[in-house]
Amino acid sequence: MISDRSSPISRSKSKAAQPVFGAPEKGRGQTVLPPMDELSAHHLMDETRLVSGLVERAVFTADERERASELARRIVVGARAKTAKRAGIDAFLKEYGLSSDEGVILLCLAESLLRIPDAATADQLIAEKISGGHWDRHQGHSESLWVNASTWGLMLTGRLVKHRDDTRANPVSALKRLVARSGEPVIRQAVRHAVRLLGDQFVLGATMAEAMARARPMEAKGYRFSYDMLGEAARTARDAEGYFERYQAAIEALGAASGPLTSVHPDALMARPSVSIKLSALHPRFEPGKDIRLQAELLPRLLTLVRAARARDIPVTFDTEEQDRLEPTLRLFAATFADAALAGWPGLGLAVQAYGKRAIPALRWVRRLAETSGKRIPVRLVKGAYWDSEIKRAQEAGLSDYPVFTRKMHTDVSYLACVRFLLSDPLAFYPQFATHNAHSLASANVAGGHGAYEFQRLHGMGETLFDEVMGGGLLNAPCRIYAPVGTRVDLVAYLVRRLLENGANTSFVHKLSDEDVLVGDLVRDPVESIERERMGEHRVRASAIPKPIDIVAPRKASMGLALSQSSVRGDVATEIAEHLAGAFAAGPIVDGVGRVGSADAALVRCPHDRRERIGTVERVTEAEIEAAITSAAACAHAFDCTGAEERAAMLERAADLMQRDRVRLMAVIIREAGKTWGSAHDEVSE
């Protein structure tokens with residue numbers, strides 16, 4: 001395209017032109033941003049190939065394996081022996097696994113009732129869901145009074161709504177229907193209360209004052225706490241401001257309650273309560289590709305919070321969220337970490353997800369950051385809680401592979417490899433092993449020995465497991481509880497994520513509650529399982545889940561672009577700029593002959609900047625319309641006789657051409673319609 005001024009996109013010709021913040025030059029007293037090449041290379045790496053390498057990293061010696069297995073067995077046996085003390089969510093998962101119809105019904109209620117505003121809709125939901133469960137099967141099975149009381153209420157509710165559905169049009173039935181209807185408000189309140197009780201198992205308190213008060217008995221037992229302001233991504237600027245104020249208030253409250261730090265030893269700082277921050281809660285557009293805006297709007301908020309935390313000796317951890325947000329999270333972490341006001345303060349930490357294929361590269365990146373600054377970085381190693389959405393996002397985008405492991409066994413191997421990596425460099429890392437898996441706990445403890453590290457668990461999850469760890473003294477390391485703080489209004493997404501994560505058949509917490517699962521199966525070494533597969537099949541078995549591009553096989557799927565990655569955006573930007581450097585000309589095509597370049601062609605300008613030219617368009621004439629209709633009519637009979645396979649092949653050839661020229665088509669859509677890259681990409685894919 002010939003333009004009278006260079007377009008904004010054409011001025012960014014290479015990957016080097018992509019905005020990078022938090023990366024000052026060396027010599028200015030700040031930290032240089034480590035490169036992200038390895039992160040990009042691992043984003044969609046083949047799972048079989050990657051796991052083979054991780055197995056080598058996660059291998060323990062024969063003595064370590066034996067000690068870890070025995071320790072894990074003691075933890076499980078001890079936890080199961082305390083079934084009488086099992087309460088809350090542990091008791092719930094023992095009675096209602098998500099493999100049962102009743103467990104699924106309760107998940108639906110938990111997800112829905114907390115946000116249904118009107119009574120009529122809530123009544124309909126209760127009638128639909130509760131009547132489908134066989135609640136009497138669960139009555140009296142649990143040692144928990146709370147679970148049995150809930151079961152009794154659900155059983156009566158189910159019978160009542162079933163009775164209403166079975167009534168017939170006669171006076172007696174009408175009376176019964178009236179009784180049923182009058183009873184539903186009571187039922188609604190009872191079920192809402194039961195679901196809220198379930199939610200309360202995960203939330204430490206509605207306010208910081210309430211949460212800190214509830215934490216004191218656990219702190220007396222030796223537990224540490226990390227407080228998180230309950231809620232998900234901010235949708236508006238007002239949401240973000242509200243979360244910011246809540247984080248500020250939490251830091252102030254913890255600082256006032258904890259008092260000044262009296263020891264200069266870095267481990268003393270780690271013994272204090274901390275705050276976990278979700279970056280998506282502090283900005284409504286916390287997305288890849290928004291680096292300049294995030295630097296201007298989100299970074300100042302992060303600096304304000306972390307500086308306040310340093311002033312009050314309260315450690316802060318940046319939570320890691322969806323894989324698409326990993327790069328902007330790391331950039332913002334580095335920019336905050338490099339702030340001069342935080343020099344010498346080792347209280348800023350980061351969460352890393354082992355189920356992501358970039359877990360080890362992310363840890364290498366963090367280690368480089370620690371090395372250039374001379375500061376130790378706390379790293380919370382988690383397995384990951386967004387698996388379902390990560391799989392669906394990748395399928396929707398038509399990516400070549402998944403950014404996360406598709407088998408839980410592979411995630412467990414990755415976790416052990418990350419454990420080894422973190423413990424290998426105590427000058428760079430303060431490891432924080434967040435897991436409810438007994439074998440993972442035992443392996444980290446055996447590998448870590450008496451070094452500086454801690455374990456972490458979620459509030460309301462794995463209580464019997466960690467009571468055995470803490471009370472029994474089986475692991476010589478402290479434990480921190482990740483505790484959400486907030487009202488039930490913000491509970492929904494977190495509650496569903498926890499139930500899905502821990503109620504599934506593959507969950508260790510769920511298996512621990514199931515007495516039919518053998519202890520040996522619970523403490524099995526994932527590396528040994530992979531090695532057995534290798535011996536049987538001479539390779540690591542891939543997942544049964546088809547790759548995103550194969551989900552409609554044998555048909556072809558539209559292949560997507562991983563635009564969340566800066567390296568991909570850099571390549572696309574260069575190609576788009578090349579396509580937009582020339583002029584586009586559109587005109588009618590009749591019988592395969594096109595007409596462009598006439599003197600009366602209309603000039604088309606960019607809708608979002610009238611100074612930008614897109615190209616020219618030839619207006620079709622009446623004669624060309626008649627010729628096109630005549631030609632189409634002449635070919636109609638032959639085309640009607642064309643078989644379905646040949647027609648399908650034509651469509652596939654057209655799709656292949658669009659796939660080949662997808663970036664060129666994106667360039668035209670962006671310039672002509674003013675669409676974003678993502679919207680243009682989706683339009684071509686569709």
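- Inter-residue side-chain proximity for V51 and E47 is flagged as met; some heavy-atom pair is nearer than 4.5 Å.
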Practice problem: Could you go through the side-chain contact (heavy atoms from CB on, under 4.5 Å) check for L44 and Q565 one step at a time? | Solution: CA-CA 11 Å; L44 302 176; Q565 305 305 298; over 6 Å; no
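- The main-chain N or O of A428 is never found under 3.5 Å from a side-chain atom of R367 such that the two would form a donor-acceptor pair.
- Proximity of L458 to I481: side-chain heavy atoms (C-beta onward) are nowhere separated by under 4.5 Å.
- Between the side chains of E321 and S280, at least one donor N or O sits under 3.5 Å from an acceptor N or O.
- Although no hydrogens or angles enter the test, the distance criterion places a donor-acceptor pair under 3.5 Å between the side chain of R480 and the main chain of F225.
- If you check the side chains of S566 and E327, you find a donor sitting under 3.5 Å from an acceptor.
- Using modelled atom types, one side-chain atom of R325 and one backbone atom of F286 make a donor-acceptor pair closer than 3.5 Å.
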Exercise. For I377 and V379, run side-chain contact (heavy atoms from CB on, under 4.5 Å): C-alpha distance rounded to whole Å, both residues' side-chain angles, the deciding distance at 0.1 Å, then the answer.
Key: CA-CA 6 Å; I377 299 177; V379 174; 4.3 Å; yes
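- Within a 6.0 Å sphere centred on CD of E219, heavy atoms belonging to other residues, nucleotides or ligands number more than 12.
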Quiz item: Between V275 and D228, does a side-chain contact (heavy atoms from CB on, under 4.5 Å) hold up when you go through it step by step?
Solution: CA-CA 6 Å; V275 172; D228 172 47; over 6 Å; no
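- For the 3.5 Å distance criterion, the side chains of Y482 and D319 qualify, holding a donor opposite an acceptor.
- Here CZ of R393 is found 8.0 Å from CD of E396. Values are rounded to the nearest 0.5 Å.
- Defined by atom type and a distance below 3.5 Å, a donor-acceptor pair is missing between the side-chain atoms of E322 and S389.
- Contact of the F466 side chain with the L475 side chain is not registered, since no non-hydrogen atoms from C-beta on lie closer than 4.5 Å.
- In this structure, W365 contributes its side chain and L39 its backbone to no donor-acceptor pair below 3.5 Å.
- With contacts defined as side-chain heavy-atom distances shorter than 4.5 Å, the pair L279/L332 qualifies.
- For the pair M36 and L330, the minimum side-chain heavy-atom distance is below 4.5 Å.
- Remark: R420 fails to qualify as a cation-pi partner of Y415 under the 6.0 Å distance and 45° angle criteria applied to the six-membered ring.
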Quiz item: Are K375 and F337 close enough, and set up right, to give a side-chain contact (heavy atoms from CB on, under 4.5 Å), and what steps lead you there?
Solution: CA-CA 10 Å; K375 289 193 298 184; F337 187 80; 3.4 Å; yes
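- Under 3.5 Å, the side chains of Q323 and R358 contain a donor-acceptor pair of N or O atoms.
- Between M409 and I530 the shortest side-chain heavy-atom distance falls below 4.5 Å.
- A search for side-chain contact (heavy atoms from CB on, under 4.5 Å) contacts involving D656 returns K556, not counting sequence neighbours.
- For the side-chain contact (heavy atoms from CB on, under 4.5 Å) with L54, the qualifying choice from I360, V59, L416 is I360, the only one to do so.
- Atom-to-atom distance recorded for D425:CG and L427:CG is 5.5 Å, nearest 0.5 angstrom.
- Side-chain contact, E454 with Q432: a donor N or O sits under 3.5 Å from an acceptor N or O.
- Contact annotation: the side chain of V527 never approaches that of F60 to less than 4.5 Å [non-hydrogen atoms, C-beta and beyond].
- The distance from atom CG of L422 to atom CG of L363, rounded to the nearest 0.5 Å, is 5.0 Å.
- Inspection of the Q395 and Y402 side chains reveals an N or O donor paired with an N or O acceptor under 3.5 Å.
- Annotation: side chain of Y355 is not in contact with side chain of S414 (no heavy-atom distance under 4.5 Å).
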Quiz prompt | salt bridge (charged side-chain N to carboxylate O under 4.0 Å, His left out) between K357 and D46, worked out | solution = CA-CA 9 Å; K357 293 180 177 179; D46 178 73; over 6 Å; no
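- Between K383 and S440, the side chains place a donor N or O and an acceptor N or O closer than 3.5 Å (distance only, hydrogens not considered).
- Checked for salt-bridge contact, E70 and R65 miss the test: no charged N lies under 4.0 Å from a carboxylate O.
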Quiz prompt | Pair K392-D388, salt bridge (charged side-chain N to carboxylate O under 4.0 Å, His left out): steps then yes or no | solution = CA-CA 6 Å; K392 288 304 177 186; D388 300 84; over 6 Å; no
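- In this structure, the side chain to side chain donor-acceptor pair (under 3.5 Å) partners of S226, at least two apart in sequence or on a different chain, are S274, S276, R380.
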Exercise. Please test D412 against R407 for salt bridge (charged side-chain N to carboxylate O under 4.0 Å, His left out), starting from the C-alpha separation and ending with a verdict.
Key: CA-CA 9 Å; D412 291 339; R407 297 181 68 194; over 6 Å; no
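- By the 6.0 Å contact criterion, CD on E66 is open, its count of non-hydrogen atoms from other residues, nucleotides or ligands being 12 or less.
- Ring pair F455/Y453 is perpendicular by interplanar angle, where above 60° counts as perpendicular and below 30° as parallel.
- In terms of the ring-ring contact (aromatic ring centres under 6.0 Å, His included) criterion, Y430 has no residue partners (sequence neighbours excluded).
- Ring pair F318/F333 is perpendicular by interplanar angle, where above 60° counts as perpendicular and below 30° as parallel.
- Panel note: side chain H681, backbone L561; a donor-acceptor pair is recorded below 3.5 Å.
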